[in-house]
2 protein chains.
Amino acid sequence: MRPAKISESAVRRLSLYLRVLDAFELAGKTTVSSGDLAELGGMTPAQVRKDLSHFGSFGKRGLGYPVSELRERVTEILGLGRRWRVGLVGAGKLGAALFFYDGFRGQGFDVVGVFDNDPGKIGQHWGRLVVEDIESIDRVVRAARIEMGIIVTPVISAQSVADLLIAAGVGAILNFAPTRLRVPPGITLRNVNLEIELESLAFALTHENGA
Amino acid sequence: MRPAKISESAVRRLSLYLRVLDAFELAGKTTVSSGDLAELGGMTPAQVRKDLSHFGSFGKRGLGYPVSELRERVTEILGLGRRWRVGLVGAGKLGAALFFYDGFRGQGFDVVGVFDNDPGKIGQHWGRLVVEDIESIDRVVRAARIEMGIIVTPVISAQSVADLLIAAGVGAILNFAPTRLRVPPGITLRNVNLEIELESLAFALTHENGA
DNA sequence: GTTCGTTTGTGATTGATTTCACAAGGAAAG
DNA sequence: CTTTCCTTGTGAAATCAATCACAAACGAAC
């Protein structure tokens, strides 16, 4: 039930299954086969079954998986059976876009702290929150029991912000700054690097056909 | 020189090498070893050498790689020796954040078309551009010879926008809508799904220690 | 010009992930 | 109750990616 080691990509597929299951539940289906899940999720039936089998056996042979129950189980596995408190560092345009995006709240993530080091931004009201000074990260993260950090600062500040968040007890960081952050063992780091994404498109277009 | 098949992850590492090389060039170094690149890029020396060897042999044994020349070669390999014309669909907060982000221009990507279907947004001036109706995608993409699309629309519109872009000749799409797009063979698709990133953090925090 | 220390390039190896293929389980029909 | 038709769960096999380890190449020193 608590498996040895699940690959990063398998975990990401679980998130996809969850969305497909939502769609099936909305459509009123009560059971789905691994083939159904694979079809809409864009992978193979065998992979769906293998992924799910790491966490137990939820399906009935000959019939498939019960939509509602599987959705609950995957939600639980992903750690989405509760709400998460998130701190957002960087109150620029991208920070604002993320803050006001509803999708996070819908999935259980509440941004309960916003930070910047620009005196022009500190003190601004964002929804019910006030933008705090980066200097206050330690205090606010502890007071609000913030568990995850999102870094949307320029490259130059990213590492020091990460250090501050970690010192204050944050255990996981989502980094949008296009730089490699160093974090101690035990801290989970994921990077979203938009430049790399575009560059990978450029590579694909350049090499797809002798062009 | 034109290798058979390069893994997606190897291409992404090339982007990282490019950034590390920039840093070394700025610092005035003329040569770097695979060890140096690995140190700052966060991978192993062997991997650096293997990645680079797919495209030729750029280094000198006993000495390392010439920074400036290697930077040029990697730039060329990634297809960044030219500028790319990009269309941005979705003029919401996230679209605006991406549009006004300087990093893309710096890497050779010019957003030369912005689209939305909200009458309140169509006609707005963004920098030198005017936000166009989604209905005009076909005309504008052809006229401006747009090569890549970035989709930052709600889920509901994402697939139809992708279809429009592809029909107009776009060969690569970067999709931010949290849904799976279907694209024909030959079209390159990359997804950035922020919900999945957060969920993978939640999974990590939930499973890291019996907590 | 020989030796020494360094670093590349790469075949071989190991490791991880995906796919295959099939036995076993279950529902349904007669 | 037996047969038929599906679909799961999972070892085995195949594919793909990362790491190892070492011969070959080069510069520097003397």
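Residue numbers start from 1 in every chain, and the chains themselves are labelled A, B, ... in the order their sequence lines are given, proteins ahead of strands.
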Ring pair (Phe, Tyr, Trp, His ring centres under 6.0 Å) filter on F176(B), not counting sequence neighbours, yields none

Under the side-chain contact (heavy atoms from CB on, under 4.5 Å) test, which residues partner V140(A), sequence neighbours left out?
F115(A), E132(A), S136(A)

Any residue in residues 23-44 of chain B with a heavy atom nearer than 4.0 angstrom to DNA chain C? Just list them by number, or reply none.
S33(B), S34(B)

Numerically ordered, the residues 61-70 of chain B set in heavy-atom contact under 4.0 Å with DNA chain C is R61(B), G62(B), L63(B), G64(B), Y65(B)

A144(B): which residues meet the side-chain contact (heavy atoms from CB on, under 4.5 Å) condition with it, sequence neighbours left out?
V112(B), I146(B)

Give a yes or no answer on whether the side chain of R12(B) reaches the backbone of E8(B) with a donor-acceptor pair at less than 3.5 Å.
no

Main-chain N/O of T153(A) paired to S157(A) side chain as donor or acceptor, under 3.5 Å
no

Sorted by chain and residue number, the side-chain contact (heavy atoms from CB on, under 4.5 Å) partners of L70(B) (sequence neighbours excluded) come out as L21(B), L37(B), L52(B), F58(B), Y65(B), V74(B)

Footprint ends on DNA chain C, 5' to 3', for atoms under 4.0 angstrom from a heavy atom of chain B, come out as dT6(C) to dA12(C)

S9(A) meets the side-chain contact (heavy atoms from CB on, under 4.5 Å) criterion, sequence neighbours left out, with S7(A), R13(A)

Check whether any side-chain heavy atom of I173(A) sits under 4.5 Å from a side-chain heavy atom of I166(A), and report yes or no.
yes

Would you grab the first and last nucleotide of DNA chain D (5' to 3') that comes under 4.0 Å of any non-hydrogen atom in chain B?
dA17(D) to dC26(D)

The criterion is ring pair (Phe, Tyr, Trp, His ring centres under 6.0 Å); which residues satisfy it with F203(B), sequence neighbours excluded?
H207(B)

Side chain to side chain donor-acceptor pair (under 3.5 Å) contacts touching residues 167-178 of chain A (sequence neighbours left out):
N175(A)-N191(A)

Salt bridge (charged side-chain N to carboxylate O under 4.0 Å, His left out) contacts touching residues 76-97 of chain B (sequence neighbours left out)
R82(B)-E147(B), R83(B)-D110(B), R85(B)-E147(B)

Please check: side-chain N/O of W84(B) versus main-chain N/O of G79(B), any donor-acceptor pairing under 3.5 Å?
yes

